[in-house]
Participant: 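Sharing a structure below in structure tokens format, with a few things to ask.
Reminder, nothing fancy here: chain letters follow the sequence lines and each chain counts from 1.
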Amino acid sequence: MRSAALHLGLIAVLVAAGLMLPAYHQGNLARILVLATYSIGYNVLFGYTGLLSLGHAMFFGAGMYGLGLAMHHGGFAPVPAFVIGLACAAGLAAIVALLALRTIGVAFMIVTLMFAQTAFLTVLYFGEWTRGDEGFVLQQATRQIAGLDLTNPTVRYYAALVLFSAALLITARMMQLRFGHVLIAVRENEERTRMLGYDTQRHKFLALVISGTLSGAAGAAYALLFGYVGATFTSVQYSIFPLLWVLLGGAGTTIGPFIGTLFMFYLIDTTSGLTNAYLMIVGVVLVLLTLFARAGIMGEVRERFAPWLP
Amino acid sequence: MTDVLRTEGLTKDFAGLRAVDRVDLSVATGDIHALIGPNGAGKSTLVGMVAGRSQPSAGRVWFDGRDITTLPAHARIRAGIAYTFQITAVYARLSLLANLELALRDRSRTRAVQALERVGLAARADQLAGDLSYGHQRLLEIAMGVAQAPRLLILDEPTQGLAESEISEFNTLIRGLAGQTTILLIEHNMNVVMELADRITVLETGSVLANGSPADIQANLAVQEAYLGHADG
């Protein structure tokens with residue numbers, strides 16, 4: 001009950017925020033909601049299942065290029081192109097899962113990093129279609145769904161909110177089901193979980209596919225809503241971002257990924273307006289958070305005030 | 001079939017070292033069957049192969065008349081084997097109730113509470129397992145095995161680190177299962193073994209040294225002690 005109230009309450013606040021915020025912040029928040037969806041996807045694998053991937057940009061990129069290439073070269077409409085983006089991310093996640101889940105711990109981190117590097121280089125290699133680093137723009141005229149113009153800032157904001165809400169509610173529900181409880185059990189003690197009769201390998205596989213597909217949905221939506229597809233989004237820094245956002249917001253909490261993304265976005269936005277040395281301030285804040293809020297913002301809230309927090 | 005578990009020529013090699021050497025073991029349905037022997041005799045490795053934690057280098061395992069040698073661990077547990085770890089492996093950061101719900105696999109809160117009542121931990125249902133004393137964590141671990149109502153319960157040194165009073169509670173708990181659950185018990189405490197076991201298998205350097213009723217083994221014990229060098233327990 002409390003967790004349903006929390007999630008619906010957050011969505012209600014965001015619905016209202018879309019009406020009240022000035023254009024600049026509405027634009028920021030639209031971007032944050034899409035990136036928070038990416039964080040939510042990352043959190044399924046890292047926060048709940050305990051698997052640290054350093055290569056999630058490949059799933060974000062699979063969604064982005066799946067949709068982008070389908071629209072740009074294939075002439076697909078946004079909805080089927082979005083489905084293609086999801087399928088690309090899910091397919092890639094399944095392949096990576098089959099191979100990478102043969103390893104654990106540091107080896108898993110390195111294998112995912114290597115796969116993501118391969119994906120990045122693949123994008124550059126096929127520069128004829130992907131335009132490599134330079135990327136390509138999705139024409140404004142094609143970014144329409146059922147008469148709704150996704151380039152309109154307000155429409156774009158609510159489209160991002162629909163995506164974010166869906167990801168939030170799906171993961172929140174998932175973590176109430178036995179499947180979600182078993183993911184946490186795998187994180188806490190995989191061998192114990194196996195010896196209680198759970199196929200931990202299958203659970204890890206599904207967690208990675210769900211995580212990759214949500215990340216791909218965010219990548220596809222990013223391309224569709226902001227109209228740009230580029231290789232930067234498959235680079236290693238886009239693999240590190242969701243890790244950072246989730247750690248800051250609180251790994252293994254449902255709304256932590258959103259809080260972390262929001263916090264980081266505005267931390268950079270605010271400090272870069274003050275000084276050129278903003279990364280130094282960002283660094284200091286991050287160090288302070290790791291010192292005094294090890295479980296991340298929502299993780300700390302859960303430990304201190306609200307143990308029921310999902 | 002009167003034997004719920006049977007192994008034939010079960011062998012495990014670790015890089016040239018033979019930890020378990022052609023063990024034929026039969027555990028009769030309903031028995032409490034103790035596995036004893038000095039440290040390094042291969043007891044844990046043997047039951048690990050029965051539960052599916054590791055694959056044998058040679059030999060076969062039958063459970064309920066079915067060859068389970070190649071069955072993965074989780075499928076063996078679902079077939080009715082429960083396994084408790086030698087080193088306590090409860091979910092320290094989850095509540096006792098959550099621990100039991102995972103063990104039950106059906107998330108039945110009522111049955112989880114009943115299982116906690118059985119070991120006297122129901123009052124602590126909402127505490128984190130990691131906050132329990134060591135003895136209570138062992139009891140929780142045993143409760144997680146018992147709660148599954150397995151046809152074969154494997155207990156790997158369950159009384160290790162328990163106080164005398166806790167050991168007698170443990171004995172009562174296990175005796176209460178007699179008849180319903182077959183138990184394969186690795187145990188160093190000879191008092192516990194003699195009090196509970198219907199049958200005893202002595203393992204030494206990976207091979208079966210003796211096999212019989214507690215009386216047989218006890219009659220043999222002087223010889224055994226001399227042979228084993230030291231009695232564990």
Participant: Taking CD1 in A:Ile104 as the centre, count heavy atoms belonging to other residues, nucleotides or ligands within less than 6.0 Å. Is the count above 12?
Facilitator: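 Open.
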
Participant: How would you list, in number order, the residues of residues 177-191 of chain A that have a heavy atom less than 4.5 Å from chain B?
Facilitator: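 Within residues 177-191 of chain A, near chain B: A:Leu177, A:Arg178, A:His181, A:Val182, A:Ile184, A:Ala185, A:Arg187, A:Glu188, A:Asn189, A:Glu191.
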
Participant: With a 4.5 Å heavy-atom cut-off, do A:Leu196 and B:Gln148 have their side chains touching?
Facilitator: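 Yes - at least one pair of side-chain heavy atoms lies under 4.5 Å apart.
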
Participant: So with a 6.0 Å cut-off around CG of A:Leu288, is the heavy-atom count from everything else above 12?
Facilitator: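 Yes, because the 6.0 Å sphere around CG of A:Leu288 holds more than 12 heavy atoms from other groups.
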
Participant: Looking at B:Arg53, I'd like to know if its CZ atom is crowded, meaning that more than 12 non-hydrogen atoms belonging to other residues, nucleotides or ligands lie closer than 6.0 Å.
Facilitator: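 More than 12 within 6.0 Å, yes.
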
Participant: Quick check on B:Arg175: does its CZ atom have over 12 non-hydrogen neighbours (other residues, nucleotides or ligands) under 6.0 Å away?
Facilitator: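 Yes, enclosed.
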
Participant: Please find the pair of heavy atoms, one from B:Tyr91 and one from A:Thr193, that lie closest to each other, and give the distance.
Facilitator: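 Heavy-atom minimum between the residues: OH-OG1, 2.7 Å.
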
Participant: What are the two closest non-hydrogen atoms of A:Met195 and B:Ala51, and how far apart are they?
Facilitator: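 Between these two residues, the closest heavy atoms are CE-CB, 3.5 Å.
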
Participant: Using non-hydrogen atoms only, which part of B:Leu94 is less than 4.5 Å away from chain A: side chain, backbone, both, or neither?
Facilitator: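 Side chain only.
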
Participant: Show me, pair by pair, the donor-acceptor contacts under 3.5 angstrom made by side chains of residues 70-80 of chain B, not counting sequence neighbours?
Facilitator:
from, atom 1, to, atom 2, distance (Å)
B:His74, NE2, A:Asp199, OD2, 3.4
B:Arg76, NE, B:Ile68, O, 3.4
B:Arg76, NE, B:Leu71, O, 2.8
B:Arg76, NH1, B:Met49, O, 2.7
B:Arg76, NH1, B:Val50, O, 2.9
B:Arg76, NH2, B:Ile68, O, 3.0
B:Arg76, NH2, B:Thr69, O, 2.9
B:Arg76, NH2, B:Leu71, O, 3.2
B:Arg78, NE, A:Gly197, O, 2.5
B:Arg78, NH2, A:Gly197, O, 3.2

